[in-house]
Each structure stands twice: as C-alpha cells, then as structure tokens.
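Keep in mind the model is a prediction, meaning the values are calculated, not measured.
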Protein chains: 2
Amino acid sequence: MPSSLDLIERIGQLIRFEQREIGVREDLHPIHIQVLQYLDKCNRYSDTPLALSHYLGSTKGTISQSILVLEKKQLIKKVPDNKDKRVVHLKLTPKAKKVLLKIDEQIFTDDLLDKYSDHVNNTVNKTLQSILKDLQTRNNHRTFGQCSSCRFFTKEGENKYRCGLTSEPLKLEETVKICLEHEPSK
Amino acid sequence: MPSSLDLIERIGQLIRFEQREIGVREDLHPIHIQVLQYLDKCNRYSDTPLALSHYLGSTKGTISQSILVLEKKQLIKKVPDNKDKRVVHLKLTPKAKKVLLKIDEQIFTDDLLDKYSDHVNNTVNKTLQSILKDLQTRNNHRTFGQCSSCRFFTKEGENKYRCGLTSEPLKLEETVKICLEHEPSK
DNA sequence: TCAATATAGTATCGAGTCGAAACTATATTG
DNA sequence: CAATATAGTTTCGACTCGATACTATATTGA
C-alpha cells in the first residue's frame, strides 16, 4: 500500500499536469497559473512580489521575471503602494479572472469529495490540515493561513474586525483571505 | 475552512519546495529529482524515456533533454533493450541511490503520520487512493499502480508470479514496483 | 514479402524558468 | 544623517518545455 504522503504527492502532480494542459492552451506556464491563483486568494498585505516569492518558494528575481511576462499578457497590473514607495501591489485584471474561472471549472468541476460521508471528509480534512501545519513549522515556512485564524486577528464587534499587526480595520470578506504575516492563533 | 483538494495541492507544493532546496545543494532541478524517484520505484517494463514522459506529464523531447543532463552528471546509465533495438532502459547509478537516500531522510524523516490512530490513517489513505483513481480515470491518465494490483497480474503458486501481458515470470520484489502498463484489477 | 505506417528516441529552436549576484531606490535605525 | 535594511529590477548562464523535424527500428497488411 502506498503511503499517504506518496498519494498526496501524486495527486498534486496530477492537478499540476491538468493545469499545465490548460496552460498550454492559454499560453501560460504552471508558475503563471500559480501566481494568478495566489493573487486571487491573498489579502491586501500579501499581493507583492516578495510575498509571492515566499509563497512559491522561489527568489525575488525569478518572480520579477514571471511578473513581467504576466504584465505583458495583461493579466496583472502593478499598483504602487501609497505609503511605502518601494512596494508595489499586484492586481488581477478582468482577463485574469476569466482565466482563473476557466481553470477552476475544468479542474474542480467533478465534485471529487462529494461521494464521501461528512464524517470521512472531516477526518481527511483535519488530518491534512495537521500535516500541512507540521510541514510548515518544520522548516520555518510561513503558514499563509486565512486572516481570521491568525493570532493578530481581533473581533471588535458585530462585523467589526481588526488586524493587530497593522492596527487597520478589516472588511468581512478580507478575513477569509490568506496572509503573508499569518501566524497560527495557538 | 480550506478544501481538502487545496490542502493536498499546498502540501504537495511544500514537499516540492523542500525537494528544490535539497536539489539546489546537489545542483539538481526538481524534474531531475522526480526522474530519479520514478526510476527507483518503477519496474523493468517502465524504466524508459517514454514511460517517464507519461508519468511526468511532459513530452519525449523534454525528457530526452533531462536524461542527457542526468547522464552527464553520472546519475543514470542507458542500457539498450536486447529485444527491441529502439528501446533504452534507464538505470540508476550508486551515486543516484545515495542522493535519493539523502532526500528521503531529509523530507520524510519526521514520521508525520505516526501521531494519528490506525483508524484515521486508514480512512485518510483510502480516501486519497480513491481521489487519485478518480483523477486518473477522469482524464485517461495512466494509473502507474503497483504490479500486484494490476489486472494482468497472476499468482501461480508459492512465490511464483507472472505478468499476463508479457507472459513473463516476476520476482517477488518486482510485484511491488509501479508499472506503465498498470490497469486496476476491478 | 516488402512497402506503408507506427513507434522509440534524438536534435534543434525560441520563450521562459530559475538561482545567484549586482544593482537602484526608498525606509529604518542608532 | 550615516549605516544598514528592505523591496524590487536587471543580467547571466544552465536548464525546462512544447513544437517540430529527424533517425532508426518494428509492425502491419495488401
């Protein structure tokens, strides 16, 4: 029997193969798709080249090149930060969102998990989360968790949230985005 | 809560990042490591450039290039097939086996799965296997399963096995290797 | 049986990845 | 306000990757 880790690796490989196939049609490399998917999921503190390089495990220089390509293809736009002039934010264009939708439909359209009971799905999900956390802490990887699960996250009232690190207020929809500065709450 | 598929993708990403880090030290790209790992796991019908290209989801030309690099680094050796003169078999050198051992120790040394009960591990493993199978059949991917789980596999007696496709006898240790021609038994 | 076709693998091209290193510009620190 | 840290860019060389054309050997079918 293959180990669960082997299976995870192999499933991950197959997902990437499918992404690559779709990418070929759209003239996008796997790394491009990963960049777009990340930018779609991350919060406003984490849409920078540096955050991307942490998430994707490569260097600033490499990411800078990929961004150049995506900019040329009109899939992302650079927006300068209005506080720190060194920082740029990367925004998805409508064209990019269309591409992401197409990828999502093609890869996740079959409801691969629907056939299992809630109990099984729950067990699998919890175990995977725990494995992920172990892997992240093991090598000091950043966790890139959802804002609302972060130790800096505070709820101040009905629909009023705040990031304790930047002291800035957060909109409801922002609390489910992933963040470069995320640290597990316990 | 992130979906299990997202988690699998992310865990797969992290495993690849760790592989990349190790690879940088050994001057190997991720694809090189994947090639070596595949050749370590595959049976004697499946150690060819074509099988590799199926497993890794790329073209023959690309694989041919990677093989050239790995040959130059003395990590694999080409051995011509003695029946079909078009075919070459790729064999790992002792140097490659050392590299694989180092990678395995560094990535899988922590027994990430030991902390869960047998029951949980079993549930997770079965679900992952089922997801993998669904993904493979969905896009007509080859299954690359273990020889002994193949519909062509036959047991002829105590420690006597045979592949029904090639009609050749199989050694015990061969029955756990993965095969290009693998088709699930039911 | 032997010409047509299929198959395994190689060679070459151009665009892009990737890590490393050097670089520019802006912030922070002491 | 000088030293240092940080965000991002540029450049280099080796390599990936898909596409295409190619060589050599096997299989086929009229």
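- At whole-Å resolution of the value, CD in Gln34(B) and P in dC15(D) are 17 Å apart.
- A donor-acceptor pair shorter than 3.5 Å cannot be found between the side chains of Arg16(A) and Gln13(A).
- A donor N or O paired with an acceptor N or O is not found under 3.5 Å between the base of dG8(D) and the side-chain atoms of Ser64(A).
- No contact: His89(B) has no heavy atom under 4.0 Å from any strand.
- Considering only side-chain N and O atoms, Arg86(B) lies nowhere under 4.0 angstrom from the phosphate OP1 or OP2 of dT27(D).
- The pair Asp84(A)-Arg86(A) meets the salt-bridge criterion, with a side-chain N (NZ, NE, NH1 or NH2) lying under 4.0 Å from an Asp/Glu carboxylate O.
- Contact check for Asn43(B) versus Glu174(B): no side-chain heavy atoms found under the 4.5 Å cut-off.
- Each of Lys85(B) and Thr59(B) was assigned the nucleotide of DNA chain D with the nearest heavy atom; the assignment lying further toward the 5' end belongs to Thr59(B).
- Judged by distance alone, the side chains of Ser46(B) and Tyr55(B) never bring a donor and an acceptor atom under 3.5 Å apart.
- Put simply, CD1 on Ile8(B) and CG on Leu14(A) are 11.0 Å apart, with the number rounded to the nearest 0.5 Å.
- Side-chain N/O atoms of Ser58(A) include none lying less than 4.0 angstrom from OP1 or OP2 on dT17(C).
- Follow the hydrophobic side-chain contacts under 4.5 Å out from Tyr45(A) and you never reach Ile63(A); the two are in separate clusters.
- Here Lys60(A) lies in heavy-atom contact (under 4.0 Å) with a base.
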- Query: With Watson-Crick and G-U wobble geometry limited to distances under 3.5 Å, how should the secondary structure of DNA chain C be encoded in dot-bracket form, using | for bases paired to another strand and [ ] for crossing pairs?
  - Reply: ||||||||||||||||||||||||||||||
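- Between Glu21(B) atom CD and dA20(C) atom P there is a gap of 11 Å when expressed in whole angstrom units.
- Between Glu168(A) and Arg162(A) no salt bridge is recorded (no basic side-chain N to carboxylate O distance below 4.0 Å).
- Thr62(B) comes within 4.0 angstrom of a base, heavy atoms only.
- Taking CG of Asp40(A) as the reference point, atom CG of Leu36(A) lies at 8.5 Å (rounded to 0.5 Å).
- Non-hydrogen atoms lying under 4.0 Å from DNA chain D are contributed by nothing in residues 44-52 of chain B.
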